[in-house]
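Take a look at the structure set out below.
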Amino acid sequence: MCGITGWVDHHRFPPAGAVQDTGRDLEAERLLSAMTATMACRGPDDSGTLLHGPVALGHRRLAVLDPEGSVQPMTRGSDGREFSLVYSGELYNYRELRSELATQGHRFRTTGDTEVVLAAWQEWGPAAAERFNGMYAFAVWDAHARELWLVRDRLGIKPLCYLPLPGGVAFGSEPKALLAHPAAVPRVDGEGLAQLLLPLLKVPGRTPYAALRELPPGHLLHVRADGSHGQRRYWAPRPEEHGDDPTKSAAQVRELLEDIVARQLVADVPVCTLLSGGLDSSALTALAAGRAEDRIRSFSVSFTGSSTPTEDGPYARQAAAHLHTDHREIVLPGERLADPAVRRDSVLARDLPNGIGDLDLSLHQLFAAVGEHATVALSGESADEVFGGYRWFHHPDAVGADTFPWLADTPAHGRLHQRILALFRKDLRERLAVDDYVADQYRTALAEVPHAPAGDPVERRMREISHVALTRFLPTLLDRKDRLSMAVGLEVRVPFCDHRLVEYVQGLSWRTRTHDGREKSTLRAAVRDLLPDSVLHRPKVPYPSTPDPRYAQALREQLATRLADPHCRLPELFDERALHAAVTASERGSLISNLGAELALNFDVWLRTYNPELP
């Protein structure tokens with residue numbers, strides 16, 4: 001797992017033969033070093049750069065496979081063709097691909113997956129992406145053709161953004177790498193600001209920063225020798241219905257999960273699981289425990305002052321005892337979560353003020369604690385999107401709403417979307433036409449959904465909801481998971497995002513996926529023999545939030561201090577009554593008061609640190 005950055009700019013460096021390239025370009029070297037340094041948190045183990053003519057490649061490494069080898073940027077050449085690579089991620093089928101490539105005459109000098117990616121590109125070119133199973137974002141420079149390719153995995157597990165240049169593009173794992181480039185300005189346009197007001201909706205290809213683009217999941221970007229560039233899609237969630245019944249589907253899901261977990265346990269560093277005591281994480285932990293050579297390590301999170309009946313701790317302990325894991329419970333005190341330094345680190349990790357409640361803060365601190373014991377963690381993230389676990393998959397008002405179901409004004413999610421929007425100035429919301437923007441994005445998302453000419457209207461609707469969950473909701477969680485974990489040098493793998501599993505489950509009818517009248521019926525049936533009944537039948541609960549009153553008190557005090565600063569920019573964006581309500585909330589506070597304070601403080605950190613230009 002790593003961080004990558006760099007550029008190709010053919011206008012700055014004309015084709016070979018047009019000019020003589022002599023001497024070192026100290027300015028370019030300093031710029032590449034600066035951009036690469038922003039990725040140090042993603043790769044604390046090593047750093048490397050390559051600068052030649054129009055191309056610059058920078059890499060920061062978190063060594064997971066082949067720690068002694070696989071140094072990047074990596075270059076391979078044969079028959080007058082030379083390719084250079086910077087790569088972030090893991091290829092879970094690299095052993096099979098390595099064997100296949102060896103039969104084609106390729107010889108390897110390393111034992112990791114990086115050289116396999118490069119050799120596969122040599123052999124198959126862009127078609128190699130269709131053979132990969134994993135999470136990845138990489139850049140390949142073809143020195144002979146003077147072309148750069150950027151590639152991102154199918155579900156968008158690993159981030160990759162880029163900045164168009166007159167003669168090519170600059171790219172980076174995170175916006176912070178591109179914001180170190182002189183051509184990038186932290187300017188937010190109207191659409192970008194609308195996105196910041198919608199933290200639960202991901203718009204493919206966009207970032208809130210006007211100049212920066214994101215390579216959408218399952219896409220390649222080709223930068224040609226004349227500096228022009230274009231994208232093409234190599235994968236999309238287009239399920240083919242196969243009609244498997246509940247028994248057969250459970251067996252197939254189990255078989256797939258067994259293979260997926262076995263592949264994702266491969267590492268040359270310590271591996272653990274994130275165990276909440278829910279169905280998803282417990283299933284993965286059970287499968288990992290059955291495969292690991294030693295007792296698998298597992299970690300859960302709890303908070304000081306927590307005694308609610310839905311607390312994860314008891315269920316996580318039951319699962320750990322049943323599965324005989326080496327379990328640790330990370331307890332996060334409220335005063336630690338309220339530390340302004342923790343908030344600043346979380347905002348800087350994401351380069352944006354996004355976040356819901358204390359979720360970013362607690363995830364960041366959980367990942368930091370886990371990283372003291374392991375380098376790789378398996379997470380149950382995405383099972384709810386793949387198998388249909390959220391309440392809005394099942395609540396009639398949400399299912400029937402003419403919008404993204406998690407944004408609908410229904411009780412299915414506590415009307416969180418409306419509560420968030422109400423925190424911002426009414427004139428701002430009206431000027432940005434947020435409701436119209438959401439409606440337009442929803443129509444765009446529905447237009448992507450493949451449908452049979454005729455069919456059951458229930459199945460048709462649930463296919464639509466499954467599609468928007470995978471393409472507009474899941475990416476918000478994957479981005480948060482990647483940024484907050486990599487900020488502390490922890491690689492988090494997401495087995496439920498294996499594209500084979502996604503394709504298979506999306507091909508099941510909705511009736512099969514809910515055959516026992518509950519959410520995630522197929523997954524529950526697939527792992528029924530592995531888990532205790534208390535965990536197997538535990539109702540779906542959201543990620544926990546800290547109940548510590550000290551946290552709420554600290555929020556109010558910090559927000560009051562910021563609002564008293566005459567240079568505070570929060571009134572530019574937030575409704576003054578909402579800010580006042582957050583400051584004057586009762587001692588215990590309320591969800592909306594805490595949420596308002598948390599979001600305002602996130603924006604305050606972002607405004608002061610990035611100094612963005614707002615429309």
Side-chain angles (χ1 to χ4, degrees), residues 244-262 264-265 272-292 295-302 308-329 377-395 466 469 493-498 501-502 504-505 508-544:
D244 287 356
D245 61 24
T247 300
K248 185 175 181 180
S249 63
Q252 181 64 23
V253 166
R254 174 64 169 269
E255 182 179 336
L256 282 167
L257 286 174
E258 293 272 11
D259 179 70
I260 292 165
V261 171
Q264 298 200 20
L265 285 173
C272 70
T273 69
L274 304 177
L275 178 61
S276 70
L279 174 62
D280 313 335
S281 64
S282 298
L284 294 183
T285 301
L287 293 166
R291 290 276 185 173
R295 288 178 66 194
I296 192 78
R297 289 183 173 183
S298 61
F299 294 86
S300 63
V301 64
S302 65
T308 60
T310 56
E311 182 186 10
D312 285 344
Y315 294 97
R317 289 190 288 271
Q318 290 174 38
H322 183 82
L323 301 172
H324 305 289
T325 70
D326 179 5
H327 187 68
R328 295 191 181 210
E329 187 172 345
L378 269 60
S379 166
E381 194 93 82
S382 81
D384 287 308
E385 290 80 9
V386 173
F387 289 96
Y390 294 116
R391 190 181 177 194
W392 41 262
F393 272 99
H394 308 274
H395 195 286
S466 295
R493 300 178 178 178
V494 279
F496 288 114
C497 275
D498 186 292
L501 179 69
V502 171
Y504 177 78
V505 174
L508 292 172
S509 70
W510 184 249
R511 288 181 175 84
T512 297
R513 282 191 262 172
T514 56
H515 65 265
D516 65 358
R518 294 191 59 189
E519 81 288 349
K520 295 187 284 194
S521 306
T522 304
L523 176 59
R524 185 175 295 103
V527 297
R528 186 176 303 278
D529 60 314
L530 299 177
L531 303 175
D533 286 346
S534 60
V535 172
L536 190 70
H537 298 291
R538 182 188 179 192
K540 166 69 181 174
V541 296
Y543 183 90

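Keep in mind that the numbers below use all heavy atoms, side chains included, and drop hydrogens, waters and symmetry copies.
Side-chain contact between V386 and L523 is absent, with no heavy atoms from C-beta onward closer than 4.5 Å. The closest side-chain heavy-atom distance from F393 to T514 is not below 4.5 Å. Proximity of D244 to T512: side-chain heavy atoms (C-beta onward) are nowhere separated by under 4.5 Å. In this structure, L279 and V535 have side chains that are not in contact, with every pair of non-hydrogen atoms separated by 4.5 Å or more. Using a 4.5 Å heavy-atom cutoff, the side chains of C497 and V502 are not in contact. Residues L508 and T522 meet the side-chain proximity criterion, which asks for heavy atoms closer than 4.5 Å.
R513 pairs with exactly one of S249, S466, S521 by the side chain to side chain contact (heavy atoms under 4.5 Å, CB included) rule, that one being S466. Of the candidates S276, S298, S379, S281 forms a side chain to side chain donor-acceptor pair (under 3.5 Å) with just one, namely S276.
Taking Y390 as the reference, W392, F473 meet the ring-ring contact (aromatic ring centres under 6.0 Å, His included) condition, with sequence neighbours excluded. The ring-ring contact (aromatic ring centres under 6.0 Å, His included) test applied to H394 returns W510, not counting sequence neighbours.
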Determine, stepwise, if the pair E519 / R391 fulfils salt bridge (charged side-chain N to carboxylate O under 4.0 Å, His left out). CA-CA 8 Å; E519 81 288 349; R391 190 181 177 194; over 6 Å; no
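Pairing each heavy atom of D384 with each of K540, the nearest pair is OD2-NZ, 2.5 Å.
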